[in-house]
Structures are given as C-alpha cells and as structure tokens.
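In what follows, a single structure is set out as structure tokens and then discussed.
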Protein chains: 2
Amino acid sequence: MLNSLSQVNQRQLSPEDDLVHEGGPPREPTIFLSGWGIRYTSLQDGRRQILGYFLPGDIADTNIDVSPVMDHSIAALTKAIVVEISRETIAGLAETNPNIVKAIQLSKAASIASLHETILNLGQRSAVERTAHFLCELFVRMKLICLTDETSCKIAMTRVDIADAIGMTTVHVNRTVKDLRTAGLLDLEGKTLTIPDLERLKRAALFNPSYLYLRPGSAKIG
Amino acid sequence: MLNSLSQVNQRQLSPEDDLVHEGGPPREPTIFLSGWGIRYTSLQDGRRQILGYFLPGDIADTNIDVSPVMDHSIAALTKAIVVEISRETIAGLAETNPNIVKAIQLSKAASIASLHETILNLGQRSAVERTAHFLCELFVRMKLICLTDETSCKIAMTRVDIADAIGMTTVHVNRTVKDLRTAGLLDLEGKTLTIPDLERLKRAALFNPSYLYLRPGSAKIG
DNA sequence: CGCTACGTTGAGTGGCATCAAGCGCGGTGG
DNA sequence: CCACCGCGCTTGATGCCACTCAACGTAGCG
C-alpha cells in the first residue's frame, strides 16, 4: 500500500533541511520513509529544544486543520526520503482499509504519550537517568524497526542533538555517557550506540516502554 | 448548550480525588465546570511530574479510543465540579452545531502546543525564567476566563504543586519567587498572585502566548 | 593540507538540591 | 478559650551536580 504512495509526492531532504518552519505554514502529514528527522523549537536567543525525533516509518503530523502557523519546526537530521500524504488521500485509503484510521489514532496517541514521557524525563530524572532513558528509548525504537543488531545500532544524532533533546550541555552529556560506560550500562562511540544488557539499562533508567504503545503489528500502517 | 449538559453526569470532586488513575481505565472526555485539576505522572520512587493543569472550562481529554490503560492520572486540586460527556453525545451535538468539532480540534491542538511549551520550559529556561513563564501563563489563562482583577488573581496551587510542575524543589521555587518579587516582576503571597506589569513579565519570561491558541471567541465551546 | 565540526577532557564557578530549623495559621480537642 | 498539632511557607547553611570557559585531539572535507 505504501509502495503505491511512495511514487507520489516523494521528496529528498538533506541534513538540516527544514520540512516545516516555525512561524510558517503547516504541511500535510508526512512519513519518513528513510532517514531521521527532528521536531524542535527555539527561544528567541537561540536556545534550541528538540521535542521529538522521527525514525523511518514515523509520521510527522502537523495540525494543519487547526492553525495556519507552525509553532515549531521539523527538520531532517540525515539525508531522508519523505512522502507527504494529503488528508484526502488518507480519507480515501481509509474507506478500503479501516485499519488506517486506527493506526493514525494510535500514532497520535503515542506521540502525546511520548511528550508526557519527555516532560517527566526533563522534570524529574537526573542527568544520568535522563541520558540513560533517552538512549534506551532510542535503542528500543530502533529495535522495533529492525535497525539494530543484537546489542548495538547506529544513531544519527550528534552530542549537540542529544544535549538539546534532554536539556543538557554537550560537555555534560559526554561526562554522563562516560559514567554510564564506566558502569557498563551502555557505550556511545561516535554514532554507534552499544547496549550490552538492555534489561539492566531499563532498570537504571526507570524505563517503562508502555508509552511507546507497542502493540504487536500496530506499529506499521497497512 | 453546556447548561443542558451540566445537569447530567455531573460530579463533585474533593481536593486530591483522582478522576482517572495511572494504570486504570480511561474515562470519557470531562469538562471542569468549576475548580482546578491537574494531569500528572510519577516515577516508581514517587517523584511526581505535573504535566498540565485544568481551569474552569477546560476539557480533560483521555485517549479512550486508543489505549485501555491510562499512562497518567488526573486529579482535582480543589473542590471541583466536572461533567463527563460521552463521545456519542458529542457526536450528536456536532450534528446540530458543527462548531463543536472545530472547538475540540482546537482544544486538542492547544494541549499539544502546551506540552511543547512545557518541554521547552523544562529543557531550556533557567529557574527564574521557568518560574516567571509558568506564573505568567497561569495569569494569562485566568485572565482569559475572567478570573483575575486588574493585576492579581487567586491560584489553587501550593508551592509543592508549582515545584512539581516546573521541575524544581519547593525551596528553590521560593527563592526564585523572592528574586522575582525583588525585581518587581511579580508577587506571590500565599495563594494570591500579583503581576504589576504583565508585559514586562512576558518579556522577562520569554513568553509568547501563541501556543495558547487564543483566537477571539474560540476558547469556549458553544 | 589547512579548515571546520565534532568529541573529549580539565579547571573553576555557580545554580539548585539537600538537610534542617523556625514561623504562621487554621483545625481540633481538652 | 487556649494548648496543641500539622501543614504549608520561609530562611539559613552546606555541598554537589551541571554549566562555563578553554584547550586539544580527531576525522571528514574542500
């Protein structure tokens, strides 16, 4: 089903290309077919906060039907291929495949749950817990889409991106990762994330995966 | 329109009553007719994070159609009167009054925007900015529903609540409020919040009200 | 082969947490 | 009526966690 769509409205993005821009008009819902993306917002003085990120298969929804102006930006983190799907197309698809409605609801609910978890993370967890939780989530999500091997995966984020996602400085991200490495909980060399014992990391990070809405078979559309 | 509803399914809540409970089943969308409520979640060890709060007229939505289990709790902060409105009722109302669909979309979009702003607040703003921003938002929202006089209003939150909302300790909330008082930006004596010069506070807090989705006349349903 | 971006590490500082004590006030019971 | 208690607020002292500033190593790239 997606295959037929992927011929249409498909676009290539380069790293740091904005898909939608804060203050600008929204777009139709967009799926990341490949590559990584981030949703972010900034203060006037330039401090950037990453609100969430997109992995291949994720839908970047914008509330096109509500506000004419975006309150945040969406950008590519790597080279990425995205496909925009208009609401009409979705409505059309929904007629022949009712599951799509469910899938979109699920995707929306998951993204809200994810925002809640991010708030909990920023507000209550210590730097070590926060970093562990963030990287733990990253790994779990990558695993879900089969982009990990047994204990490691490639991530697209730099230290700066991680720092802006979890509200820390790059320097302190570094030191925290070092501590986690020393504790044997994870390793992050360049862009390779290694997690020798995922269950142990989950415990250390107070990680509860329920907010990811992992129902078997429901992570994908179609 | 709301008047006809307010006879039905109306409930009284006392302070700290849970409307829905983390881990339990969701409810139908619920409107706070009077009183204050909070949405919160906790870590296993008891650290609590307030995700958002409800003022009179706000809708506490739960994704009833998606997950059978709540990932957070909703509780009353004061005595409160709430009315639960089933989706069927809403659908029925929508037929005679299409604006209600728009209003609910708007409410959902606003709550997502609010989550984004909270993440930005926790991740990037300093303690002073964060506190200022939080109290500024509070005042603006109270003003919208005409629950302020010229420069002050009553708030239901304790220092503990404020602390759990902005990820600080009560002690430091206190000191920060003191600094803001010294700077002449605001005052918080007990439950009375006074803001002598809202525009000045907005500037200090890097406050941009656009995330509240204040379109004239759109804040209310019906 | 420099240049730039990213990652790493060190030293020093300060913001915010922790621990602890005291204050004011409303509620309760003797 | 008042002593007592508990809760929320406030303030002080102390220490640590995380930021800032700065330097250097390294890798990718024009």
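Throughout, a chain's letter reflects where its sequence line sits, starting with A, and its residues are numbered from 1. Excluded from the calculations below are hydrogen atoms, water molecules and symmetry mates; all remaining heavy atoms, backbone and side chain alike, are included.
By the salt bridge (Lys or Arg N to Asp or Glu O under 4.0 Å) test, A:Arg48 is found to be paired with A:Asp161, A:Asp164, residues two or more places apart in sequence or in another chain being considered.
Note: CZ (A:Arg159) to P (D:dA27) measures 14 Å, nearest angstrom. When the C1' atom of C:dT8 is taken as reference, atom CG of A:Leu180 falls 16 Å away, rounded to whole Å. In this structure, B:Asp179 places its CG atom 16 Å from P of C:dG14, rounding to the nearest Å. In this structure, A:Ile162 places its CD1 atom 14 Å from C1' of C:dT8, rounding to the nearest Å. As rounded to whole Å, 17 Å separates atom P of D:dC19 from atom CZ of B:Arg125. Here the P atom of nucleotide C:dA5 and the CE atom of A:Met157 are 20 Å apart, to the nearest Å. In this structure, A:Asp187 places its CG atom 14 Å from P of C:dG7, rounding to the nearest Å. As rounded to whole Å, 14 Å separates atom C1' of D:dT20 from atom CZ of A:Arg47.
The phosphate of D:dC9 (OP1 or OP2) has no side-chain N or O of B:Asn174 nearer than 4.0 angstrom. A close approach under 4.0 Å does occur between a side-chain nitrogen or oxygen of B:Lys178 and OP1 or OP2 of D:dT11.
Using a 4.5 Å heavy-atom threshold, the side chains of B:Lys79 and B:Pro15 count as touching. Side-chain contact between A:Leu55 and A:Trp36 is present, with at least one heavy-atom pair separated by less than 4.5 Å. The shortest side-chain heavy-atom distance between B:Arg125 and B:Thr131 does not fall under the 4.5 Å cut-off.
Note on the helix from C:dC1-D:dG30 to C:dG30-D:dC1: angle between the axes of the first and last five pairs equals 30°, rounded to 10 degrees.
Rounded to the nearest 0.5 Å, atoms CG (B:Leu186) and OG (B:Ser152) are 12.0 Å apart. Between A:Arg141 atom CZ and A:Cys136 atom SG the span is 12.5 Å, to the nearest 0.5 Å. Once rounded to the nearest 0.5 Å, the distance linking OH of B:Tyr211 with OG of A:Ser67 reads 15.0 Å. One finds the CG atom of A:Leu120 at 11.0 Å from the CZ atom of A:Arg130 (value rounded to the nearest 0.5 Å).
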Protein-nucleotides 17-25 of chain C N/O pairs under 3.5 Å:
from   : atom 1 : to       : atom 2 : distance (Å)
C:dA17 : OP1    : B:Thr169 : N      : 3.4
C:dA17 : OP2    : B:Thr169 : N      : 3.4
C:dA17 : OP2    : B:Thr169 : OG1    : 3.1

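Side-chain atoms of A:Arg200 come within 3.5 Å of backbone atoms of A:Gly184 as a donor-acceptor pair (strictly under, hydrogens ignored).
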